[in-house]
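Heads up, the thing below is written out as C-alpha cells.
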Amino acid sequence: AVDDAEVRLPEASYTHTTLSRLHRQTGGARPLVLLMGTDAFCNLTTWHRWRELFDLAHLAVATRPGHELRPRSS
C-alpha cells in the first residue's frame with residue numbers, strides 16, 4: 001500500500017516522522033519500503049534524521065530521467 005499522508009498535510013513534514021508513525025501502526029510486523037528517486041537519494045545526508053531512516057524502512061532507489069546515481073568524487 002502507498003501512504004499519502006505527507007502530501008495531505010497542510011504543513012511541511014519529515015519522512016522520519018511518517019515512517020515512525022507507520023512503524024508504530026504496524027507494530028514493526030510489516031517491513032516498510034521507502035521508494036525514492038536517485039536525485040533524492042544523492043541528497044539524503046541533508047534530510048532530517050536521515051541515519052535513522054535505515055532503522056525504520058528499507059530504502060529503494062529508482063532511476064529517474066535526467067538523474068544518475070554517481071559515486072562522489074574525493
Side-chain angles (χ1 to χ4, degrees):
V2 175
D3 183 85
D4 67 350
E6 284 194 0
V7 296
R8 289 184 288 113
L9 291 173
E11 69 278 346
S13 64
Y14 292 106
T15 301
H16 180 276
T17 304
T18 299
L19 289 176
S20 293
R21 176 184 53 79
L22 292 169
H23 195 36
R24 280 191 310 276
Q25 285 177 344
T26 65
R30 282 195 176 149
L32 301 175
V33 178
L34 173 62
L35 176 61
M36 60 176 51
T38 51
D39 54 324
F41 182 73
C42 287
N43 293 307
L44 186 63
T45 59
T46 66
W47 288 27
H48 175 73
R49 299 174 72 173
W50 70 272
R51 286 181 177 93
E52 297 171 40
L53 300 179
F54 296 94
D55 295 329
L56 297 169
H58 300 281
L59 271 62
V61 182
T63 57
R64 291 181 46 180
H67 299 278
E68 293 181 29
L69 188 57
R70 295 184 206 150
R72 287 187 183 195
S73 55
S74 311

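Only this structure's heavy atoms are used, side chains among them; waters, hydrogens and symmetry mates stay out. Because the structure is a prediction, the values reported are computed rather than measured. Numbering starts at 1 and runs along the sequence shown.
- T63 pairs by the side-chain contact (heavy atoms from CB on, under 4.5 Å) definition with T38, not counting sequence neighbours.
- Listed by chain and number, the residues in a side-chain contact (heavy atoms from CB on, under 4.5 Å) with L32 are L19, L22, H23, A57 (sequence neighbours excluded).
- The structure places CE of M36 at 7.0 Å from CG of L53, a figure rounded to the nearest 0.5 Å.
- L35 and L59 end up in different hydrophobic clusters when Ile, Leu, Val, Met, Phe, Trp and Tyr side chains are linked at under 4.5 Å.
- Taking both residues in full, the closest heavy atoms of W47 and T15 are given as CZ3-OG1, 3.6 Å, listed atom of the first, atom of the second, then distance.
- Judged as a ring-ring contact (aromatic ring centres under 6.0 Å, His included), and not counting sequence neighbours, the contacts of Y14 are H48.
- For the atom pair CH2 of W50 and CG of N43, the computed distance is 12.0 Å after rounding to the nearest 0.5 Å.
- Applying the salt bridge (charged side-chain N to carboxylate O under 4.0 Å, His left out) criterion to R21, with sequence neighbours excluded, gives D3.
- V33 pairs by the side-chain contact (heavy atoms from CB on, under 4.5 Å) definition with H58, A60, not counting sequence neighbours.
- Applying the salt bridge (charged side-chain N to carboxylate O under 4.0 Å, His left out) rule to D39 yields the partners R64; only residues at least two apart in sequence or on another chain are considered.
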